[in-house]
Number of protein chains: 2
Amino acid sequence: MSLDGQLPPKMRLLRAAAELLAKSAGAPVSTRQITQLAGVTAPTLYHHFGDKEGLFDAVVAAGFEEYVAGERDFAPSGKPLEDIRRMWDNHVQFGLNQPELYLVMFGNIRPENRPAIVADAEALMEEMLNKAAAAGQLNVQPREAARSILAANVGVTLMLIAEPATERNLELSTMTRDAMIFAVSAEPASGSAAGDSGRSSVVVAAIALNAALQASHSDQLSSSELKLFLEWLHRISASPA
Amino acid sequence: MSLDGQLPPKMRLLRAAAELLAKSAGAPVSTRQITQLAGVTAPTLYHHFGDKEGLFDAVVAAGFEEYVAGERDFAPSGKPLEDIRRMWDNHVQFGLNQPELYLVMFGNIRPENRPAIVADAEALMEEMLNKAAAAGQLNVQPREAARSILAANVGVTLMLIAEPATERNLELSTMTRDAMIFAVSAEPASGSAAGDSGRSSVVVAAIALNAALQASHSDQLSSSELKLFLEWLHRISASPA
DNA sequence: CTAGCACCTATAGCATCGCTATATGAACTG
DNA sequence: CAGTTCATATAGCGATGCTATAGGTGCTAG
């Protein structure tokens, strides 16, 4: 009805679905609404997307690419940990800007459904954490750290979405963010009398070396040697604090 | 059909809904399924609960009371922070035991829908944190700490639910849990750090690890393994830029 | 005992939902 | 121009959430 531009119906369906999904606050969006807004009839939808969920997945995928693009845009700050902070903030902002989309992406994930997007988000975070690890700023395995940080990031975003926009307190985000990053980083942390929270420098160095090795393809060791070497490295860096 | 006990229809509807919701993995549950299992016809449902969502809310409320009861059961440990750890673990376990119920409770929360349950959960956590604060073990306001911890707790639980049960790694939970508790506790801490020492390469990391390994007698590797490991480390360290 | 009354439940059906069997048109290929 | 493939439309099926209406059930009052 209003999206009758010259765009191909597939695109019009995507936009219509995204638009309806965005404005209808939580209420279910019917395929008939979508097809009508797109100026198309039902079979067209099912021809292109197979399923209502297929269409929604496509919308989510598009939104996710936008999200990833936003995350990748500002990487080049020299400080990896600072980049992770911005990544966190960007994640939260994305969720608050498009709450419905975000809820579909992260609020309804079920085992068989789609760990795909979550896995991508984890990979993105891990990639950034690898730089921190290579710089010796990481206390734990990048993968574990990425999962942990992302989990907290999602939890905070969901909680912020849940409360009315007027009384959203972003301090919840920054506080949790810094708590997670601090707990994961190899910063001084020192001075604490209780002091077993920081891990030994062996572990930190091993983690750093591991990340550095995987980043640069050193040819000082044969592949079989490297394999064993990495295994030992992993054993060291996985040792309990 | 099978829940024809002498229980009143209202209770039978609740149990039928809970049972169907629990076993149907994510698939939508129809009112017809529920009423049939409860041995009741449609209007009965709407007379008692007004709405399908009303019925689900009742199920959620019942489940939440069970959850709260579980949380309150073991409070009396002398150490508040230890209690919070158990509270966290109990939360995660509840989510993993009844994933569908949990997803309805925490996965779909929208501003107008029901911050009620979340608020209750926050209050529960805050109550426990107040004891920690009274003992001088807290670094921030109990309310903020409660919100932050609960957000991370929900995020972790959702992430664990999202991945197949076979490869669930509970270490994600304990790691995030301890990170949050540590960041909130009255240790020196100081959340955001700025310290960055220059970026390091494979060589630098290897040298660092070498030094660290020789300084501390790690027992993760046998002596023969360690010897070969150090040799390789040396080879890497000696490699040209 | 019966009349009234509030409560609870059943019959039947509406509007809408996601989806599809089938057919028609357009566009490219030989 | 014939044949094939892709894309859209017509019409309708089964299932869904929900309801207008009516029919029992148990009570207390007369």
Side-chain angles (χ1 to χ4, degrees), chain A residues 1-61 100-101 103-104 108 110 112-114, chain B residues 1-61 100-101 103-104 108 110 112-114:
Chain A
M1 286 310 195
S2 69
L3 292 182
D4 289 354
Q6 255 53 330
L7 299 89
K10 187 170 179 177
M11 220 50 101
R12 274 186 284 165
L13 278 169
L14 268 177
R15 298 202 178 182
E19 181 179 332
L20 289 178
L21 205 64
K23 67 174 55 171
S24 84
V29 179
S30 72
T31 60
R32 283 176 169 81
Q33 291 176 32
I34 298 173
T35 55
Q36 179 179 349
L37 177 60
V40 171
T41 51
T44 306
L45 190 161
Y46 296 93
H47 173 70
H48 286 289
F49 300 98
D51 217 336
K52 181 186 185 180
E53 193 180 328
L55 171 60
F56 278 59
D57 281 358
V59 172
V60 164
E100 307 302 329
L101 193 60
L103 282 178
V104 176
N108 265 329
R110 289 204 172 72
E112 68 284 2
N113 250 5
R114 54 185 96 131
Chain B
M1 284 313 200
S2 69
L3 292 183
D4 289 354
Q6 254 55 326
L7 299 88
K10 188 170 179 177
M11 220 48 102
R12 275 186 284 166
L13 278 171
L14 268 178
R15 296 202 178 182
E19 180 179 332
L20 288 179
L21 206 65
K23 64 174 55 170
S24 84
V29 178
S30 71
T31 60
R32 283 176 169 82
Q33 292 176 30
I34 298 173
T35 54
Q36 179 179 347
L37 178 59
V40 171
T41 51
T44 306
L45 192 162
Y46 296 93
H47 172 70
H48 286 289
F49 300 99
D51 217 338
K52 180 186 184 180
E53 194 179 327
L55 171 58
F56 278 58
D57 282 358
V59 172
V60 164
E100 307 303 330
L101 193 60
L103 283 177
V104 176
N108 266 328
R110 290 207 171 69
E112 69 284 3
N113 251 4
R114 54 184 95 123

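No hydrogens, no waters, no symmetry mates; every other heavy atom, side chains included, goes into these values. Chain letters run A, B, ... following the sequence lines, proteins first and then strands; every chain starts at 1.
Contact record, A/Leu21 with A/Phe56: CD1-CE2, 3.2 Å, taken as the closest heavy-atom pair. Heavy-atom minimum distance, A/Ser24 versus A/Ala27: OG-O, 3.2 Å.
At a threshold of 4.0 angstrom between heavy atoms, the contacts of A/Pro9 are confined to the sugar-phosphate backbone, with no base atom among them.
With rounding to whole Å, A/His48 atom NE2 is found 8 Å from D/dT8 atom C1'. D/dT19 atom C1' lies 17 Å from atom NZ of B/Lys52, rounded to whole Å. Here the P atom of nucleotide D/dT19 and the CZ atom of B/Phe49 are 15 Å apart, to the nearest Å. For the pair A/Leu45 CG and D/dA7 C1', the interatomic distance rounds to 13 Å; values are reported in whole Å. Distance OH (A/Tyr46) to P (D/dC13): 17 Å, rounded to an integer number of Å. Spacing between atom CG of B/Asp51 and atom C1' of D/dC18 amounts to 9 Å, rounded to whole angstrom units. Here D/dT8 presents its P atom at 13 Å from CE of A/Met11, a figure rounded to the nearest Å.
For the atom pair A/Leu55 CG and A/His48 NE2, the distance stands at 11.0 Å (nearest 0.5 Å). For the atom pair OG1 of A/Thr44 and NZ of A/Lys10, the computed distance is 12.5 Å after rounding to the nearest 0.5 Å.
For residues 36-52 of chain B, there are no salt bridge (Lys or Arg N to Asp or Glu O under 4.0 Å) pairs, not counting sequence neighbours.
Using a 4.0 Å cutoff to heavy atoms of chain B, the contacted part of DNA chain C runs 5' to 3' from C/dC8 to C/dG13.
B/Ala58 meets the side chain to side chain contact (heavy atoms under 4.5 Å, CB included) test with B/Leu14, B/Phe49; sequence neighbours excluded. Under the rule for a side chain to side chain contact (heavy atoms under 4.5 Å, CB included), the partners of B/Thr35 that lie at least two apart in sequence or sit in another chain are B/Leu13, B/Leu45. Scanning for side chain to side chain contact (heavy atoms under 4.5 Å, CB included) contacts around A/Ser30 gives A/Arg32, A/Gln33, with sequence neighbours left out. Here A/Tyr46 pairs with A/Thr31, A/Ala42 under the side chain to side chain contact (heavy atoms under 4.5 Å, CB included) rule; sequence neighbours left out.
Heavy-atom nearest nucleotides on DNA chain D were determined for A/His47 and for B/Gly50, and the one closer to the 5' end corresponds to A/His47.
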Sort me out a list of protein N/O and nucleotides 9-12 of chain D N/O pairs below 3.5 Å, or just none if empty.
unit_1	atom_1	unit_2	atom_2	d
D/dA9	OP2	A/Thr41	N	3.0
D/dA9	OP2	A/Thr41	OG1	2.7
D/dA9	OP2	A/Thr44	OG1	3.4
D/dA9	O5'	A/Thr41	OG1	3.4

